[in-house]
Amino acid sequence: MMRLLILGGTGDAAELATKLATMEGVEVITSLAGRTREPLVPLGDLRIGGFGGVAGLTNYLRVMQIDLLIDATHPFATQISWNAVDAATIVGVPHLILIRPPWEKVSGDRWIEVDSVEAAATVLQNQAQRVFLTVGRQELAAFADLKDIWFLMRMIDPPSEDALVPPGMLLCDRGPFTLNNEREILIHHNIDTIVSKNSGGDAIYAKIIAARELELKVVMVNRPTIPLVDYVTDVDAALAWVFDKLQY
Ligand code: NAP
């Protein structure tokens with residue numbers, strides 16, 4: 001029996017856990033940071049909350065006798081990914097990153113690419129009036145000083161009461177989102193600019209298609225650097241990696 005830890009928080013992580021839970025010879029534990037009030041619960045075991053840095057994760061891998069580690073966290077969750085590299089190296093546990101390819105700009109896209117959420121806020125000044133902000137609850141403060149812009153802010157859970165939030169309206173919802181849904185939002189709220197992280201994948205790509213159709217600007221936050229270790233870009237490839245390890 002091999003015990004596998006999945007660092008989760010994404011749809012791909014949940015899908016992978018669910019598929020692995022039915023695989024003979026594998027015991028799956030998914031770890032979530034605990035940011036979402038009602039997370040999607042995958043099949044297999046679940047633990048919630050930070051480990052306590054590299055030392056905590058190293059200890060967890062040892063105590064739980066983890067044989068394989070798959071980091072299927074969001075492309076913008078870099079701290080946990082770097083911690084995973086270090087902890088897996090220290091313990092000597094085989095480690096894989098599952099990361100969706102980034103979206104590529106295509107003909108008709110009006111993207112302004114930036115390297116951080118703070119840079120996205122700077123770009124909005126003087127060129128946006130009504131913004132669809134889809135970078136997540138934890139990033140709202142970067143936009144809080146933009147008092148002349150109206151924001152439609154979509155996130156899974158509302159921000160805490162003391163959070164710095166820009167002017168506008170909250171929309172609490174969880175993907176996937178259809179093209180009709182996204183088109184309707186953009187038109188109804190008279191949006192002129194979208195701000196998005198380059199998350200990749202299909203579940204939330206419809207807003208990018210809708211922006212293209214409506215010729216709206218998208219301020220696209222490029223991905224941070226991730227560790228250059230073994231990686232795959234889809235769930236099937238991750239399953240193949242696990243299957244391969246089971247042979248030895
Ligand atoms: P982060 O900055 O990389 O991590 C900050 C700390 O949160 C880590 O050092 C770790 O605490 C804890 N942590 C993160 N992911 C964890 C996991 N799967 N299991 C246990 N602890 C975890 O992460 P983040 O950007 O705050 O993202 C948190 C979670 O939300 C991740 O699971 C990610 O997949 C998901 N998510 C993030 C985004 C995004 O845009 N950042 C979007 C969608 C989903 P310790 O050091 O104490 O271990």
Side-chain angles (χ1 to χ4, degrees), residues 4-17 28-42 44-64 66 69-88 90-91 93 95-100 102-103 114-120 133-143 153-157 159-160 163 172-177 194-205 207 219-227 229 231 235 238:
L4 189 150
L5 176 65
I6 298 175
L7 302 173
T10 61
D12 281 349
E15 184 186 339
L16 178 65
V28 184
I29 305 169
T30 295
S31 173
L32 300 177
R35 305 271 191 274
T36 310
R37 281 183 199 164
E38 290 176 25
L40 298 173
V41 177
D45 290 339
L46 184 66
R47 68 162 300 284
I48 297 181
F51 296 95
V54 175
L57 182 53
T58 301
N59 186 53
Y60 183 88
L61 295 176
R62 284 196 175 123
V63 169
M64 295 299 290
I66 300 296
L69 174 63
I70 299 185
D71 171 6
T73 57
H74 190 270
F76 281 74
T78 50
Q79 184 61 58
I80 187 70
S81 294
W82 288 103
N83 290 358
V85 171
D86 289 348
I90 292 167
V91 182
V93 169
H95 166 240
L96 181 77
I97 292 186
L98 167 56
I99 184 164
R100 296 167 276 175
W103 298 318
V114 295
D115 287 333
S116 67
V117 169
E118 291 72 23
L133 187 59
T134 62
V135 290
R137 176 168 53 100
Q138 295 182 91
E139 317 278 12
L140 296 178
F143 302 87
M153 297 160 266
R154 184 166 68 193
M155 63 209 76
I156 296 176
D157 293 320
S160 58
C172 291
D173 203 356
R174 188 199 298 259
F177 301 107
I194 296 179
V195 181
S196 174
K197 290 175 174 173
N198 194 334
S199 302
D202 296 334
I204 55 168
Y205 186 62
K207 65 186 173 190
V219 180
M220 185 65 79
V221 183
N222 291 325
R223 290 182 176 190
T225 308
I226 60 150
V229 295
Y231 76 93
V235 169

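Basis for what follows: all heavy atoms, side chains included, without hydrogens, waters or symmetry-related copies. In this text the structure is predicted, and so the values were computed from the model without any measurement. Counting starts at 1 for both ligands and their atoms, following the listed order.
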What protein heavy atom lies closest to [atom]? Include the residue and the distance to one decimal.
| atom | answer |
| --- | --- |
| atom 47 (O) of ligand 1 | Gly52 N, 2.8 Å |
| atom 22 (C) of ligand 1 | Ala33 CB, 3.5 Å |
| atom 36 (N) of ligand 1 | His74 CB, 3.6 Å |
| atom 31 (C) of ligand 1 | Gly8 O, 3.9 Å |

* Asked: Do you see a donor-acceptor pair shorter than 3.5 Å between the side chains of Asn222 and Asn198?
  ->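 No, no side-chain donor-acceptor contact under 3.5 Å.
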* Do we see a donor-acceptor contact under 3.5 Å between the side chains of Thr73 and Asp71? ->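 There is such a pair between these side chains.
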Candidate with minimal heavy-atom separation from [atom], of [options]:
| atom | options | result |
| --- | --- | --- |
| atom 7 (O) of ligand 1 | Arg35, Glu139, Met155, Gln138 | Arg35 |
| atom 18 (N) of ligand 1 | Gly50, Ser31, Ala77 | Ser31 |
| atom 35 (C) of ligand 1 | Gly11, Pro39, Gly9 | Gly9 |

Answer with side chain, backbone, both or neither: which part of [X] has a heavy atom less than 4.0 angstrom from an atom of ligand 1?
| X | answer |
| --- | --- |
| Lys197 | side chain |
| Asn83 | side chain |
| Thr78 | backbone |

Based purely on interatomic distance, does [X] place a nitrogen or oxygen under 3.5 Å from a nitrogen or oxygen of ligand 1?
| X | value |
| --- | --- |
| Leu7 | no |
| Gln79 | yes |
| Ile80 | yes |
| Thr73 | no |

* Between Arg37 (side chain) and Asp157 (backbone), is there a donor-acceptor pair under 3.5 Å? ->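 Flag not set: sc Arg37 to bb Asp157 has no pair under 3.5 Å.
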* Has the side chain of Arg47 got a donor or acceptor atom that lies under 3.5 Å from a matching backbone atom of Gly49? ->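 Checked: pair present.
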* Asked: Has Arg174 got its NZ or CZ under 6.0 Å from the middle of the six-membered ring of Phe177, at an angle within 45 degrees of the ring axis?
  ->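 No, Arg174 does not lie over the aromatic ring of Phe177.
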* Asked: Sequence neighbours excluded, which residues qualify as salt bridge (Lys or Arg N to Asp or Glu O under 4.0 Å) partners of Arg154?
  ->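 For Arg154, the residues satisfying salt bridge (Lys or Arg N to Asp or Glu O under 4.0 Å) (neighbours in sequence not counted) are Glu182.
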* Asked: Does ligand 1 have any atom that is closer than 4.0 Å to a heavy atom of Ser81?
  ->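 No heavy atom of Ser81 comes that close to ligand 1.
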